[in-house]
*Asks:* 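Sending over a structure as structure tokens; questions will come in a sec.
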Amino acid sequence: MQYLYSDRIGVKIDDITKLEVDAIVNAANSQLMGGGGVDGAIHKAGGPAILAECKKIRETQYPGQEGMPAGNAVVTTGGDLLAKKVIHTVGPVWHGGTKGEKATLAKAYSSCLEIASKSELKSIAFPAISTGVYGYPKKDAALVAYYGVKKFLDNNKYPEMVYFVFIDKKDADIFINAIDED
């Protein structure tokens, strides 16, 4: 693991579904019903309790076809995961940077951190939100994520530790190099 901001931000190469942290973040779709990539892996590993809570959230907080707006976040149980909680957020779909994607991505990270802070969660692990099928450029996303988290941590006690988790070294290196080059 590499630390980027004193001892409060770390970069790990790991399977986010196997981490023993207070919360992992799910890069969810607006329907909150599971999907591909990280979203599908979290729902599969966490079991039916996560989906049951997501369905209840959809029915009570986000009824209708549109679901949860990009940038928002909600929390559910961790189900069968080692993580106690899953914080679900919807990142923006990349449209070339002309439709407020940067602000929406920053809001997705800050919404998750607000939940973690209010719940006094000590540790949280993020995947690279929106960089998969949503097409956000990885280097640009890294800068939004890192600086947004750093700013939040400057002003909040919780979470005490934030992990950026990548499934492979290539994506972890893109993240670290983007920060180093900036």
Side-chain angles (χ1 to χ4, degrees), residues 2 4-5 9-17 23-44 54 57-58 61-76 86-117 124-156 159 162-182:
Q2 182 170 342
L4 296 179
Y5 179 64
I9 297 177
V11 177
K12 294 179 72 126
I13 300 167
D14 210 332
D15 178 344
I16 199 166
T17 67
I24 62 171
V25 172
N26 180 16
N29 60 55
S30 61
Q31 301 306 308
L32 300 175
M33 295 294 128
V38 172
D39 190 14
I42 288 171
H43 276 272
K44 182 179 179 183
C54 284
I57 289 167
R58 274 300 313 277
Q61 294 180 41
Y62 299 105
Q65 290 184 331
E66 294 178 20
M68 186 168 76
N72 289 14
V74 294
V75 64
T76 66
V86 176
I87 301 173
H88 307 264
T89 191
V90 180
V93 174
W94 182 253
H95 294 285
T98 61
K99 301 209 181 221
E101 295 97 310
K102 182 177 180 180
T104 303
L105 184 61
K107 183 181 177 198
Y109 280 95
S110 66
S111 294
C112 294
L113 291 166
E114 286 289 342
I115 289 171
S117 182
I124 185 172
F126 283 97
I129 299 168
S130 285
T131 62
V133 296
Y134 284 13
Y136 207 109
K138 292 178 181 182
K139 183 177 177 180
D140 295 341
L143 296 173
V144 172
Y146 175 72
Y147 288 111
V149 168
K150 184 177 178 287
K151 182 179 178 183
F152 188 90
L153 294 179
D154 282 341
N155 298 301
N156 293 277
V162 175
Y163 299 101
F164 289 105
V165 182
F166 301 92
I167 198 71
D168 60 42
K169 185 177 181 332
K170 179 183 172 191
D171 285 341
D173 286 346
I174 290 170
F175 185 91
I176 292 166
N177 291 335
I179 306 311
D180 287 346
E181 292 169 7
D182 191 51

*Asks:* Under 3.5 Å, is there a donor-acceptor pair between the side chain of Glu114 and the main chain of Ser110?
*Replies:* no
*Asks:* Counting N and O atoms only, with roles assigned by atom type, does the side chain of Thr104 sit under 3.5 Å from a partner on the main chain of Pro92, one being a donor and the other an acceptor?
*Replies:* no
*Asks:* With a 3.5 Å distance limit and no angle check, can you tell me whether Thr131 reaches the backbone of Ala128 through a side-chain donor-acceptor pair?
*Replies:* yes
*Asks:* Mind checking the CD1-NZ spacing from Ile13 to Lys170? Nearest 0.5 Å is all I need.
*Replies:* 13.0 Å
*Asks:* Output yes when a side-chain donor or acceptor of Gln31 lies under 3.5 Å from a complementary backbone atom of Gln65, and no otherwise.
*Replies:* yes
*Asks:* Is the backbone N or O of Ile176 less than 3.5 Å from a side-chain atom of Gln2, with the two atoms forming a donor-acceptor pair by type?
*Replies:* no
*Asks:* How close do Met68 and Thr89 get, heavy atom to heavy atom, and via which atoms?
*Replies:* CE-CA, 4.0 Å
*Asks:* To the nearest 0.5 Å, what is the distance between OG1 on Thr76 and CD1 on Ile87?
*Replies:* 9.0 Å
*Asks:* Kindly indicate, with the supporting measurements, whether the criterion side-chain contact (heavy atoms from CB on, under 4.5 Å) is fulfilled by Tyr136 and Val144.
*Replies:* CA-CA 11 Å; Tyr136 207 109; Val144 172; 4.0 Å; yes
*Asks:* Is there a donor-acceptor contact under 3.5 Å linking the side chains of Lys107 and Asn72?
*Replies:* yes
*Asks:* For the atom pair NZ (Lys102) and CH2 (Trp94), what is the distance rounded to the nearest 0.5 Å?
*Replies:* 9.5 Å
*Asks:* Taking the side chain from Thr17 and the backbone from Ile42, do they hold a donor-acceptor pair closer than 3.5 Å?
*Replies:* no
*Asks:* In sequence, state the C-alpha distance, the side-chain angles, and the governing distance for Tyr109 and Phe126, and then conclude on side-chain contact (heavy atoms from CB on, under 4.5 Å).
*Replies:* CA-CA 9 Å; Tyr109 280 95; Phe126 283 97; 3.4 Å; yes
*Asks:* Are Ile24 and Val165 close enough that some pair of their side-chain heavy atoms sits under 4.5 Å apart?
*Replies:* no
*Asks:* Judged by atom type as modelled, is there a donor-acceptor pair below 3.5 Å linking the side chain of Asn29 to the main-chain atoms of Gly34?
*Replies:* yes
*Asks:* Rounded to the nearest 0.5 Å, what separation is found between the CZ atom of Phe166 and the CD1 atom of Ile16?
*Replies:* 9.5 Å
*Asks:* Picking from Asn155, Asp154, Asn156, Val149, what satisfies side chain to side chain contact (heavy atoms under 4.5 Å, CB included) with Phe152?
*Replies:* Asn156
*Asks:* Compare every heavy atom of Cys112 with every heavy atom of Val25, then report the nearest pair and how far apart it is.
*Replies:* CG1-SG, 3.8 Å
*Asks:* Taking NZ in Lys12 as the centre, count heavy atoms belonging to other residues, nucleotides or ligands within less than 6.0 Å. Is the count above 12?
*Replies:* yes
*Asks:* Ignoring hydrogens and geometry, is there a side-chain-to-backbone donor-acceptor pair from Arg58 to Gly64 under 3.5 Å?
*Replies:* yes
*Asks:* Relative to the ring of His43, is the ring of His88 parallel (under 30°), tilted (30 to 60°) or perpendicular (over 60°)?
*Replies:* tilted
*Asks:* Would you name the heavy atoms of Ala178 and Lys139 that are closest together and state the gap between them?
*Replies:* CB-CG, 3.6 Å
*Asks:* Quick one: does Leu113's side chain get under 4.5 Å of Pro159's, heavy atoms only?
*Replies:* yes
*Asks:* Ala27 and Val38: which non-hydrogen atoms are nearest, and at how many Å?
*Replies:* N-CG1, 4.4 Å
*Asks:* To check you understand the geometry: which heavy-atom pair defines the closest contact between Ile124 and Ala116, and what is its length?
*Replies:* CD1-CB, 4.1 Å
*Asks:* Taking the six-membered ring for Trp, are the ring centroids of Phe175 and Phe164 within less than 6.0 Å of each other?
*Replies:* yes
*Asks:* Could you grab the distance from atom CD1 of Ile9 to atom OH of Tyr146, nearest 0.5 Å is fine?
*Replies:* 5.0 Å
*Asks:* Where do Ile179 and Ala142 come nearest, in terms of heavy atoms and distance?
*Replies:* CD1-O, 3.8 Å
